[in-house]
Amino acid sequence: MTSSELVVQACQVHKSFGAVEVLKGVDLSVPRGGVTGIIGPSGSGKTTFLRCMNRLEEVDSGYILVNGEPMGVTVRNGRPVQATDAQLAKARENVGMVFQSFNLFPHMTVLENLILAPMKVRKESRSDAVEHARELLDWVGLGDRTGSYPSQLSGGQQQRIAIARALAMRPTLMLFDEPTSALDPELVGDVLDVMRKLADGGMTMVVVTHEIGFVREVADDLVFMDGGVIVEEGDPREVTRNPQHERTRRFLHRVLA
Ligand code: ADP
Ligand code: MG
């Protein structure tokens, strides 16, 4: 596989907060259309790694390329220089992120939540943005909720709206950080169904989740992180059925219990 077919290439990523080293040399490649699941105990660095991917955090050393380009860095006179805020915003358009807490704008309707960034950042006309938003809302099964406010929706509905809002920017990579962890159990399925549909449609995805069944079924690759390193990586069915490391075994035992 040539590197241009890799949407994410992370190489020896190190990241510390103060004296605490949170990522201790993480490598990851995600091919176009690939779905990578990341599992691991709380505090292992999963969220930090995702945040480094869209440059909400800067890495200390190593690098992450998205679509072959270093996010937040451009080349001037043959030397890497820090991108301007505008260049960084442009690069981030390619990367959608969905969080555990849905993070919708509470004072805006569903439709307004979806059209804001496409109009502001992508300079889409209002009518184009509205048309695309309606398509996406139909696609997540909430075409009848355009005029609702987030507080009028269930957590599962809000999360599906959050996914639609991320997709409104036409990203080439979607990052999910425990998207179903804050949901009541009966609402988890609808959100996973939307994510499954997205994967089936060929979206490149990195999904941090404790939903082992989803990962087994949907992911092409599974990463187990612990203590800021990738302990084990491979075919999701293999890793979950026949983990090679004691730490992976212990974690799976706890999650599946
Ligand atoms: P996970 O998502 O796997 O639970 P995180 O990436 O959130 O792990 O956190 C890994 C470690 O980094 C934790 O010990 C956490 O306290 C620490 N950490 C995360 N973000 C910050 C921050 N902004 N400042 C200081 N420490 C942080
Ligand atoms: Mg986390």
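All values below were derived from every heavy atom in this structure, side-chain atoms included, with hydrogens, water molecules and symmetry-related copies excluded. Counting convention: from 1, in listed order, for ligands and their atoms alike. Just so we're clear, the structure is a prediction, and the values are computed from it rather than from any experiment.
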Nearest-0.5 Å distance that lies between atom CE in Met203 and atom OG1 in Thr172: 7.5 Å

Answer yes or no: is there a side-chain heavy-atom contact under 4.5 Å between [X] and [Y]?
X: Arg32; Y: Asn67; value: yes
X: Phe102; Y: Gln157; value: no
X: Met169; Y: Pro118; value: yes

Take atom [atom1] in [X]; do more than 12 heavy atoms of anything else shown fall under 6.0 Å from it?
X: Lys120; atom1: NZ; value: no
X: Asp85; atom1: CG; value: no
X: Glu69; atom1: CD; value: no

Protein heavy atom under 4.0 Å of atom 26 (N) of ligand 1: yes

Any non-hydrogen protein atom less than 4.0 Å away from atom 15 (C) of ligand 1: no

Nitrogen or oxygen of Glu57 less than 3.5 angstrom from that of ligand 1: no

Polar proximity ligand 1 side, Gly43 side, N/O cut 3.5 Å exclusive: yes

Region of Val22 that comes within reach of ligand 1 [heavy atoms, distance under 4.0 Å]: side chain

Pro41 to ligand 1, any heavy atom closer than 4.0 Å: yes

Ligand 1 atoms in contact with Ser44 (distance to a heavy atom under 4.0 Å): 1 (P), 3 (O), 8 (O)

Protein residue, atom and distance nearest to [atom], heavy-atom basis:
atom: atom 23 (N) of ligand 1; value: Phe17 CE2, 3.5 Å
atom: atom 5 (P) of ligand 1; value: Thr48 OG1, 3.7 Å
atom: atom 8 (O) of ligand 1; value: Gly45 N, 3.2 Å
atom: atom 3 (O) of ligand 1; value: Lys46 NZ, 2.7 Å
atom: atom 7 (O) of ligand 1; value: Thr47 CB, 3.6 Å

Verify same cluster id: Met174, Leu6 (apolar side-chain graph, 4.5 Å): no

Short N-O contact, Arg249 and Glu246, less than 4.0 angstrom: yes

Thr47 near the Mg ion (ligand 2) via N/O/S, less than 2.8 Å: yes

